[in-house]
Amino acid sequence: MNISTLDLLNVRIDLSDVLSWRAAQSPRLIQLFPTRGSERGGGSVCATSTEHSWLEGLDAPKTKRYASSSDTEGSATFTVEDATGWRVGDLFHIQGDHAVWRVSSVEGGTLAAQRVTQASPGFVAPDSGVLVFDSRPIPEGSASGEDFFMQSHAESNFTQIFRGDVSLTGTAQAVSQAGMENTIATQLEYATDALIRRINAALVFGVKSRRSGSAPGTMGGLYYFGTQEGGVGRALSGAPALSPALINRAAQDVLDAGCIPDAIICGTGQAQVISTFMESQVRVGERSTLAGRFVDTFVTSAGGATLRVVVEPSIPDTDAWVCDTRGFALVPLAGRALHTEPASTPGVDGSRAILIGEYTAEFKNAKQALCRLSGLKASTEVLG
């Protein structure tokens, strides 16, 4: 970043590429969010409204949790939270059994179905459980208008303004200093890092909120989209320690819901717990000069999915997330990607610059892709 005082007095400088590069190097959650769009990259991948919408990649949840059931000689009814997306003729099975069922009617929150294959010997459908969507058979000669397609629904998030101000007096710029702290360019680098930390905090804890009066709009983050009703998160009882079994189960939940898990997001303490229970699989060469241990990859029993361990220090110690991060993106409002604007005015003894950008975050397929494991035993108790 080579920015002179003259530049700051006369031109607007696009820093979207700088944000993208520095965010990718940051050891925080933001590294998982590719930065879309820039003033040079075209507006087609930018937000065009302060409420940015996107189509979900999944047509409907591949699983339905049911609260009660009634099974009589191969005919059953299931009371679900929401039957949206399922149609008469759809095939599914009850998690834990291989028997296939066909939906015979959908009325509000009730699915009626007929069993079309034999259940496992001794299997009894639990009073509450999970229905897993298998397929939607299509007849020969099907035609447009017969309602066989499943249109993806839309989700949205609001944009949020992020700003940093840099100011150096003429005296500060004239005095000889060790290093480059008395240059606008260096101060802008510091301001960029501070702004990345603020964006990162919004990506974790941000609340989706529309601009109202003098209250600015804010974007929702991981804890907003990942804790919605109907998601695949697990609230654990008894404060169990984080274990391979819990990670595998969460990965299977994400897989069953139609996504592909690729990351574990957790705080520093739970990352140490993962490194501890994976310790027997860590190999150290005789000539190794490195000390310490950290496991950054976990291979699940859920189809062999490989999960990258991403440490986000602000995640509460009793939480861990298993996610499909392919739907993550940091999206600028068109014409509002990170940039500097002239801020020095005639008569001011010094130089000033504004670092400003307006962004929102995409969490595509959040209900299926984000599995929060909450209620874990604190890492300090596990590590001793």
Side-chain angles (χ1 to χ4, degrees), residues 14-39 41-48 50-57 155-164 192-208 217-228 254 259-267 271 296 307-315 319-334 336-339 355-372:
D14 178 20
L15 297 180
S16 55
D17 291 342
V18 175
L19 173 63
S20 180
W21 181 81
R22 294 180 83 88
Q25 308 304 314
S26 174
R28 308 293 292 262
L29 179 67
I30 194 172
Q31 67 178 280
L32 298 176
F33 286 76
T35 306
R36 294 185 181 171
S38 70
E39 295 181 0
S44 62
V45 291
C46 297
T48 57
T50 55
E51 182 174 7
H52 172 62
S53 299
W54 62 85
L55 284 176
E56 298 280 69
E155 260 293 353
S156 68
N157 203 358
F158 293 108
T159 59
Q160 181 171 339
I161 298 171
F162 298 91
R163 172 175 172 157
T192 301
D193 289 339
L195 188 139
I196 286 174
R197 288 193 293 272
R198 292 178 208 147
I199 296 175
N200 187 83
L203 290 173
V204 180
F205 298 114
V207 178
K208 177 181 173 182
T218 56
M219 69 181 189
L222 178 69
Y223 272 86
Y224 176 86
F225 284 96
T227 58
Q228 297 176 92
V254 173
C259 292
I260 301 175
D262 61 7
I264 301 169
I265 304 170
C266 60
D296 63 358
L307 308 183
R308 173 186 174 193
V309 180
V310 178
V311 179
E312 170 48 59
S314 67
I315 297 287
D319 283 0
W321 294 78
V322 174
C323 306
D324 179 349
T325 66
R326 295 175 301 162
F328 290 179
L330 188 61
V331 184
L333 182 63
R336 296 277 285 168
L338 185 66
H339 61 277
L355 186 69
I356 193 167
E358 188 164 359
Y359 287 85
T360 190
E362 289 184 0
F363 288 85
K364 193 169 289 186
N365 308 320
K367 290 184 179 181
Q368 297 84 36
L370 307 178
C371 184
R372 176 192 179 196

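This chain uses plain numbering: 1 for the first residue, then up along the sequence.
- In this structure, CZ in Phe33 is found 7.0 Å from CG in Leu222, a value given to the nearest 0.5 Å.
- Atom CG of Asp193 and atom CG of Leu19 lie 10.5 Å apart (nearest 0.5 Å).
- In terms of modelled atom types and a separation under 3.5 Å, the side chain of Arg336 and the main chain of Ile356 share no donor-acceptor contact.
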Practice item. With side chain to side chain contact (heavy atoms under 4.5 Å, CB included) as the test, would you mind laying out the steps for Glu56 and Lys364 before giving the verdict? Key: CA-CA 6 Å; Glu56 298 280 69; Lys364 193 169 289 186; 3.8 Å; yes
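- Checked for salt-bridge contact, Asp319 and Arg372 meet the test: a charged N lies under 4.0 Å from a carboxylate O.
- Across Met219 and Phe162, no two heavy atoms sit closer than the pair CE-CZ, 4.0 Å.
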Exercise for review: Apply side chain to side chain contact (heavy atoms under 4.5 Å, CB included) to Leu195 and Leu338, showing your working.
Suggested key: CA-CA 10 Å; Leu195 188 139; Leu338 185 66; 4.1 Å; yes
Practice item. Could you walk me through whether His52 and Asn157 pass side chain to side chain contact (heavy atoms under 4.5 Å, CB included), step by step? Key: CA-CA 5 Å; His52 172 62; Asn157 203 358; 5.6 Å; no
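- We find the NE2-CG distance between His339 and Asp14 to be 9.0 Å, quoted to the nearest 0.5 Å.
- Here the side chains of Ser16 and Thr35 are not in contact, with every heavy-atom distance at 4.5 Å or above.
- Between Trp321 and Tyr223, the angle of the ring planes goes over 60°, which puts this pair in the perpendicular group of the 30/60° scheme.
- Between Phe225 and Phe363, the angle of the ring planes stays under 30°, which puts this pair in the parallel group of the 30/60° scheme.
- The minimum heavy-atom distance linking Leu333 with Thr48 is given by the pair CD1-C, 4.1 Å.
- Remark: the backbone N or O of Thr360 is not paired with any side-chain donor or acceptor of Thr159 at under 3.5 angstrom.
- Here the CD-OG1 distance, from Gln160 to Thr50, works out to 12.5 Å after rounding to the nearest 0.5 Å.
- Annotation: side chain of Leu203 is in contact with side chain of Leu330 (closest heavy-atom distance under 4.5 Å).
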**Study point:** Pair Val254-Gln368, side chain to side chain contact (heavy atoms under 4.5 Å, CB included): steps then yes or no
**Key:** CA-CA 6 Å; Val254 173; Gln368 297 84 36; over 6 Å; no
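- Taking every heavy atom of both residues into account, Leu370 and Gly226 meet most closely at CD1-CA, 3.7 Å.
- Residues satisfying the salt bridge (charged side-chain N to carboxylate O under 4.0 Å, His left out) criterion with Glu312, sequence neighbours excluded, are Arg28.
- When all heavy atoms are compared, the tightest approach of Phe158 to Lys208 is CD1-CG, 3.5 Å.
- Ser156 and Ser53 make their closest contact through CB-OG, 3.6 Å (heavy atoms, listed as atom of the first residue, atom of the second, distance).
- A distance-only check finds a donor-acceptor pair linking the side chain of Asp262 to the backbone of Thr325 [under 3.5 Å].
- When side chains are defined from C-beta on, Ile265 counts as touching Leu32, because their heavy atoms get closer than 4.5 Å.
- When all heavy atoms of Asn365 and Cys259 are compared, the pair lying nearest together is CB-SG, 4.1 Å.
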